[in-house]
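Only one structure is covered here, and it is reproduced in the block below.
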Protein chains: 2
Amino acid sequence: MSARVERKDAAEHRKLILQTAEKLFDDHGVNAVSMHQIAKTAGIGQGTLYRRYTHKGDLCLDLIQDFSHEFVEQIERYLKEHRELPAEERLGGVLDRWIDTIEKKSELIMTVEAHQLKGSEESRAATFFQSPLYQFVRDRMSELLTEIAKRRPDSAADPTLTAHSLICAMAPHGYFHMKHEKHFSTDQMKHNYRRLCRLPVSD
Amino acid sequence: MSARVERKDAAEHRKLILQTAEKLFDDHGVNAVSMHQIAKTAGIGQGTLYRRYTHKGDLCLDLIQDFSHEFVEQIERYLKEHRELPAEERLGGVLDRWIDTIEKKSELIMTVEAHQLKGSEESRAATFFQSPLYQFVRDRMSELLTEIAKRRPDSAADPTLTAHSLICAMAPHGYFHMKHEKHFSTDQMKHNYRRLCRLPVSD
DNA sequence: GAGCTAAACGGACAATTGTCCGTTTTCATT
DNA sequence: AATGAAAACGGACAATTGTCCGTTTAGCTC
């Protein structure tokens, strides 16, 4: 078997890069850190960094990836523990947790998205929409929407497209724009997105 | 009155820049054209270009601006001529036309958005969400949603947030991602967004 | 129309992103 | 352990973005 095993030095560099980037991003903010700075701090060459990550968005996507396991487990636990709740309520729970994630990781997500938009068409680079994290939330939302539609089939829209649209509507830039314009708290935003989905709210 | 009149040479340059940029963008695509190239082609200095437009996104926003009058008139005419139709149908009409606009101007819009995402927080630069075009569609959608909600007030969400969310969900990158993944035609996309809003569809 | 000042100009310069390619290292084979 | 090829390295280089600042010009005042 022609095993495609990652070379040892390469594997070490991968970890080193991610750790270095995370530290620098935490200290100075994602935007303030350059790729050159990351390479220099990690003690590797510019070329080494760029071969592994074709641009900053790519690197950020990998950091999100790292973090996403946490989110996935959180959601899976939540859904398991609240299996008996109506699907409407569970969807609300997923939305709330997704919003918390957006707030925490907005800088990384925005950086990923910025690079998606730059790369015209063909670019082979990974995009947020292909990331396991996006796939995961979309699939969970989609399942719940399907379950909801089964019980009240008032001409429900395609669940995948609905879930996708929700995720787009909650993307950091649009999310914060509304939040600031309306002077909403995070809880108010959560409340409003529930209403947007016509979910029961407690007001 | 301390009239802030734009100097004649400046006004001429503004037009020259927009025309040059539009031409170059049409010929080579927005992404393939650099600011340097625009300045050189227009026969002006780099500094002159950058003082008027702090970055490429800014320039694109102005091009969209130029174009948006056309869209605004189209929508106003449509709404006037179909005043008697139910608000649901009129909203559908606005969505259709907005989708056509997205498809036509996606490159410009994506470039504007890419720069919004880069600029961290404070940057004074104009964003798409502050553009008259965005304001216009959002307001029209919002009005129609309010009208719809009046007749069937099944716990309708905030119309502004709903309109904003719709616009975000239809932003080029997310729009095309769905379109390509599902192999949808433009008409199918229109159809699906109508269903998303729970509007009557003709299937 | 001479003089003045604020605005506008433009090109050099700095910073950042992204690429290229000659050199080094790993590791499978012998 | 020696060998060799694929993979990885790294720093110089090219391209693009964005800034700075000394110079020019429009258009007002006298």
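Excluded from the calculations below are hydrogen atoms, water molecules and symmetry mates; all remaining heavy atoms, backbone and side chain alike, are included. Letters go in sequence order (proteins before strands), and every chain restarts at 1. Keep in mind it's a predicted model, so treat the numbers as computed, not measured.
- Every residue meeting the ring-ring contact (aromatic ring centres under 6.0 Å, His included) condition with B/Y78, not counting sequence neighbours, appears here in chain and number order: B/H82.
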**Prompt:** What string of B, S and - do you get for nucleotides 13-24 of chain C, 5' to 3', if B is base contact, S is sugar-phosphate-only contact and - is no contact with any protein heavy atom under 4.0 Å?
**Reply:** ----BBBB----
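- For B/E88, the side chain to side chain contact (heavy atoms under 4.5 Å, CB included) partners at least two apart in sequence or on another chain are B/P86, B/I148, B/R151, B/R152, B/L199, B/P200.
- Applying the side chain to side chain contact (heavy atoms under 4.5 Å, CB included) test to A/H36 and every residue at least two apart in sequence or in another chain returns A/S34, A/K40, A/Q46.
- Residues in residues 61-77 of chain B take part in these side-chain hydrogen bond (donor to acceptor under 3.5 Å, both in side chains) pairs, two or more places apart or across chains: B/Y53-B/D62.
- Applying the side-chain hydrogen bond (donor to acceptor under 3.5 Å, both in side chains) rule to B/D139 yields no partners; only residues at least two apart in sequence or on another chain are considered.
- The distance between atom CD1 of A/I44 and atom P of D/dA8, rounded to the nearest whole Å, is 13 Å.
- The shortest distance between side-chain heavy atoms of B/F25 and B/I38 falls below 4.5 Å.
- As a whole-Å value, the separation of B/R52 CZ from C/dA7 C1' is 11 Å.
- In this structure, the side chain to side chain contact (heavy atoms under 4.5 Å, CB included) partners of A/P159, at least two apart in sequence or on a different chain, are A/S142, A/L145, A/T146.
- Looking at residues two or more places apart in sequence or on another chain, you find no ring-ring contact (aromatic ring centres under 6.0 Å, His included) involving B/H13.
- Atom CD of A/E12 and atom C1' of D/dA7 are 15 Å apart (whole Å).
- At a non-hydrogen distance threshold of 4.0 Å, nothing from residues 14-27 of chain A comes into contact with DNA chain D.
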